[in-house]
Participant: 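Next up is a structure, given as structure tokens.
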Amino acid sequence: MEAVKVLLPVVLLLVSVEHSECVRCFAAFNTTTGECSDELGEVDMDDCCHNPQYGYLTEEGECQFCGLNVWSPWSSWTLCNNLCGEGVRQRRRTCFGLKESGCTNMNDVLHIEPCNGTCCDVKAWDSWLPWSPCSVTCGGVGVRKRQRTCGSPPECVEVCSGPSQETESCASNNACPVHGGWSSWSAWGQCSGTCIDDQRSDAVIPSRVRQRTCSNPAPSKDTIPKGDDCPGDAHQSQYCSELPNCPVNGNWGEWAQPGPCSVTCGEGLQLSVRKCDNPSPKYGGEYCKGTSSRTSVCQSPCPVHGIWSGWSNWGDCSSSCHFESKPATKTRQRSCSNPSPSSNPPGQNCPDQNSQTERCNDLPFCPVDGSWGSWSSFSPCPVTCGVGLQESIRRCDNPAPKYGGRACSGERRITKTCFTKVHCPVHGEWTEWSEWSKCKYPFGDKDINCKRIGGKQTRNRECVRAHNGSYCSGTKLLESQVCYDVDKCRNLKGTWDGWEPWRYCVPQCGENSKRLRFRKCKPDYSSYSPTIGRQGDEAHFSGTPKPDCGPTPDGGPKYEQQKCHNLPPCPEP
């Protein structure tokens, strides 16, 4: 007989919550631990559960799954609750989901079975390790520590009682060495000269000196070890490069041959001249004394052209550090007064500029504190159904921090929840197969229980989907098979076939908990045809028969029970 196939899957629609409340919504739910992650913000519960992969936090602080009901995996078995002797261990599982109808077998959430503690003869603490060095080597009282480890296996760690670490005081009578520290630099001393003499081949630029002493504090000499001397030099010197050049007085050269009298201004002379060039006066030095000619002077004065005085010292820097847009500078001046140009007749002014400005090269850049740029536009909503999270960011680049400046304080990212008001597809998932129906005669109400007459039984399942989710793979909603109804039949012989596995402890609390196991009485179906019907379909046996296996092989009982020890007490009614 061929199983009936139904091609149209069943569609179960998820019903929205009638009175939605505001909840904290999360984009991820762990069906193993029951924990929520990736928070999206506070939204209405039904908006959050538009996506069946999401979860939300209940008023009790538990994370609730938005999807269909699903069992978590069984937890690992706990350690035996009795370290030495008989006890129990347990494992659990949890049903996650909307819990409209719950998971299958909702009562099967806890398994308890007996166990024996393995810590009766275990070694406890290992020996103490050596003491650590004293925390101080000089100057008084410190501490030292020692530790020990529990040598038991991890499950027996409670066997070790007492501390795993000890601490005690320790003293050092040695005085601590005092390492030297520099005092502040003294003010710069006077320059060794008042000007720079550039007329000598071995000219030396005047310099100045400042000192510091190793006295803040002075290094100790009577400690073991002695205190360290101050590193570096106790003196610093620098050139007085800002001094002017030393004045050079003029000296006459040899007389020249007399020349013609040639004047362009006033009455001239026929002169024999000499020049003040042996050497020429410089840097404000005196001009040669005496006359430069041997004849009478022209009555009309000639113009006097200006000559620069020496440069002044450099002024202070315009700031203590360099701004990127405006570096620090210093300036010095000179005057056109050595001599000044005559006014009548007008003499020529000094060439070039009367001041100089240069960058203060030995200064650092000024710190630039960071400042936030503008917030970006919020990103598009990243989901097409349910709720998602949009973000806006800003950068610390207006300006970016430089040269030790402070970074921007505050958040670089803000978010807001976006709503699509669209349910996410719930893709089809098969429910578990139902139990097989009672085996019945297919052609009427004929009773076939405990008879060698073939029957038929069916089971079904449903495809749960919603909101245009995809259909379940496969199309079979109903299965059927041929069978014999042997439920509660006593007209069968059987043979003993070992023991069934131990069942779990019942009840799961209190002092009267037990677990059972039964001998297997395997029924003898040899008198039944292995196939049913014209097509020779394989026969199945429906129900739980009660075959007669006779006395047990060893004359023992047909079942055994075992007391479960050290269960937690039952709650009071």
Participant: Does Pro425 reach the side chain of Ser470, with side-chain heavy atoms less than 4.5 Å apart?
Facilitator: no
Participant: Around Lys145, counting heavy atoms of other residues, nucleotides and ligands shown, do more than 12 lie under 6.0 Å from its NZ?
Facilitator: no
Participant: Would you tell me whether Cys119 and Cys84 have their SG atoms within less than 2.5 Å of each other?
Facilitator: no
Participant: Which pairs would a plain distance check flag for residues 373-389, meaning a side-chain donor or acceptor within less than 3.5 Å of a matching protein atom at least two apart in sequence or in another chain?
Facilitator:
unit_1, atom_1, unit_2, atom_2, d
Ser376, OG, Ile393, N, 3.0
Ser376, OG, Ile393, O, 3.2
Ser379, OG, Glu391, N, 3.1

Participant: Could you go through Leu477 and Glu462, starting from their C-alpha distance and side-chain angles, then the distance that decides it, and tell me whether this counts as side-chain contact (heavy atoms from CB on, under 4.5 Å)?
Facilitator: CA-CA 6 Å; Leu477 300 177; Glu462 295 175 339; over 6 Å; no
Participant: Checking Arg452 against Tyr484: charged group under 6.0 Å from the ring centre and within 45 degrees of the axis?
Facilitator: no
Participant: Does Cys396 form a disulfide (SG to SG under 2.5 Å) with Cys408? I'd like the steps, not just the answer.
Facilitator: CA-CA 6 Å; Cys396 188; Cys408 300; 2.0 Å; yes
Participant: Would you say the side chain of Asp222 lies within less than 4.5 Å of the side chain of Ser220, judging by non-hydrogen atoms?
Facilitator: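 Of all side-chain heavy-atom pairs linking Asp222 with Ser220, at least one is under 4.5 Å.
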Participant: Go through Glu432 and Arg461 one step at a time and tell me if the side-chain contact (heavy atoms from CB on, under 4.5 Å) criterion holds.
Facilitator: CA-CA 6 Å; Glu432 295 183 10; Arg461 62 178 178 175; over 6 Å; no
Participant: Give, for atom SG of Cys63 and atom CZ of Phe26, the distance between the pair rounded to the nearest 0.5 Å.
Facilitator: 6.5 Å
Participant: Check side-chain hydrogen bond (donor to acceptor under 3.5 Å, both in side chains) between Tyr441 and all other residues, then give those that pass, not counting sequence neighbours.
Facilitator: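 If we apply the side-chain hydrogen bond (donor to acceptor under 3.5 Å, both in side chains) test to Tyr441, skipping adjacent residues, there are no hits.
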Participant: Going from OG on Ser164 to CZ on Arg148, what distance comes out if it is rounded to the nearest 0.5 angstrom?
Facilitator: 8.0 Å
Participant: One pair to check against salt bridge (charged side-chain N to carboxylate O under 4.0 Å, His left out): Arg89 and Glu113. What are the steps and the verdict?
Facilitator: CA-CA 6 Å; Arg89 64 176 188 169; Glu113 67 178 17; 2.6 Å; yes
Participant: Could you give the distance from CG (Leu40) to CG (Asn51), rounded to the nearest 0.5 Å?
Facilitator: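 So the CG of Leu40 and the CG of Asn51 are separated by 9.0 Å.
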Participant: When you compare the side chain of Cys66 with that of Tyr56, does any pair of heavy atoms fall below 4.5 Å?
Facilitator: yes
Participant: Without swapping roles, check the side chain of Trp372 against the backbone of Ser409 for a donor-acceptor pair under 3.5 Å.
Facilitator: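 Here the side-chain-to-backbone pair exists.
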Participant: Starting from the C-alpha separation in whole Å, work towards a yes-or-no answer on side-chain contact (heavy atoms from CB on, under 4.5 Å) for Val422 and His50.
Facilitator: CA-CA 7 Å; Val422 175; His50 280 173; 6.0 Å; no
Participant: Any sub-3.5 Å donor-acceptor pair from Gln457's side-chain atoms to Ser437's backbone N or O?
Facilitator: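 Looks like yes, one N/O pair under 3.5 Å.
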Participant: Taking SG to SG, are Cys564 and Cys505 separated by less than 2.5 Å?
Facilitator: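 Taking the criterion (SG atoms under 2.5 Å apart), Cys505 and Cys564 satisfy it, so yes.
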Participant: Just wondering, do Cys489 and Asn449 contact through their side chains at under 4.5 Å, heavy atoms?
Facilitator: yes
Participant: Kindly determine whether His111 and Trp74 satisfy ring pair (Phe, Tyr, Trp, His ring centres under 6.0 Å), including the steps that lead there.
Facilitator: CA-CA 9 Å; His111 289 166; Trp74 282 103; 4.0 Å; yes
Participant: In the structure I gave you, are the side-chain heavy atoms of Gln508 and Gln90 within less than 4.5 Å of one another anywhere?
Facilitator: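 Not touching, per the 4.5 Å side-chain cut-off.
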Participant: Measure the OG1-CZ distance between Thr32 and Phe96 for me, rounded to the nearest 0.5 Å.
Facilitator: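 Rounded to the nearest 0.5 Å, the OG1-CZ separation comes to 8.0 Å.
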Participant: So Tyr528 and Phe541, ring pair (Phe, Tyr, Trp, His ring centres under 6.0 Å) or not? Walk me through it.
Facilitator: CA-CA 10 Å; Tyr528 286 81; Phe541 294 90; 5.5 Å; yes
Participant: Could you check whether Asp548 pairs with Arg490 (Lys NZ or Arg NE/NH1/NH2 to Asp/Glu carboxylate O, under 4.0 Å)?
Facilitator: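 Between Arg490 and Asp548 there is no salt bridge, as every charged N stays at least 4.0 Å from the carboxylate O atoms.
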Participant: May I ask you to test the Arg515-Pro114 pair for a side-chain heavy-atom distance under 4.5 Å?
Facilitator: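 In contact.
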Participant: Give a yes or no answer on whether the side chain of Ser392 reaches the backbone of Ile414 with a donor-acceptor pair at less than 3.5 Å.
Facilitator: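 A pair under 3.5 Å: no.
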Participant: Just so I know, are the side chains of His565 and Asn82 near enough to count as touching, which here means a heavy-atom distance under 4.5 Å?
Facilitator: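 Sidechains of Asn82 and His565: no contact.
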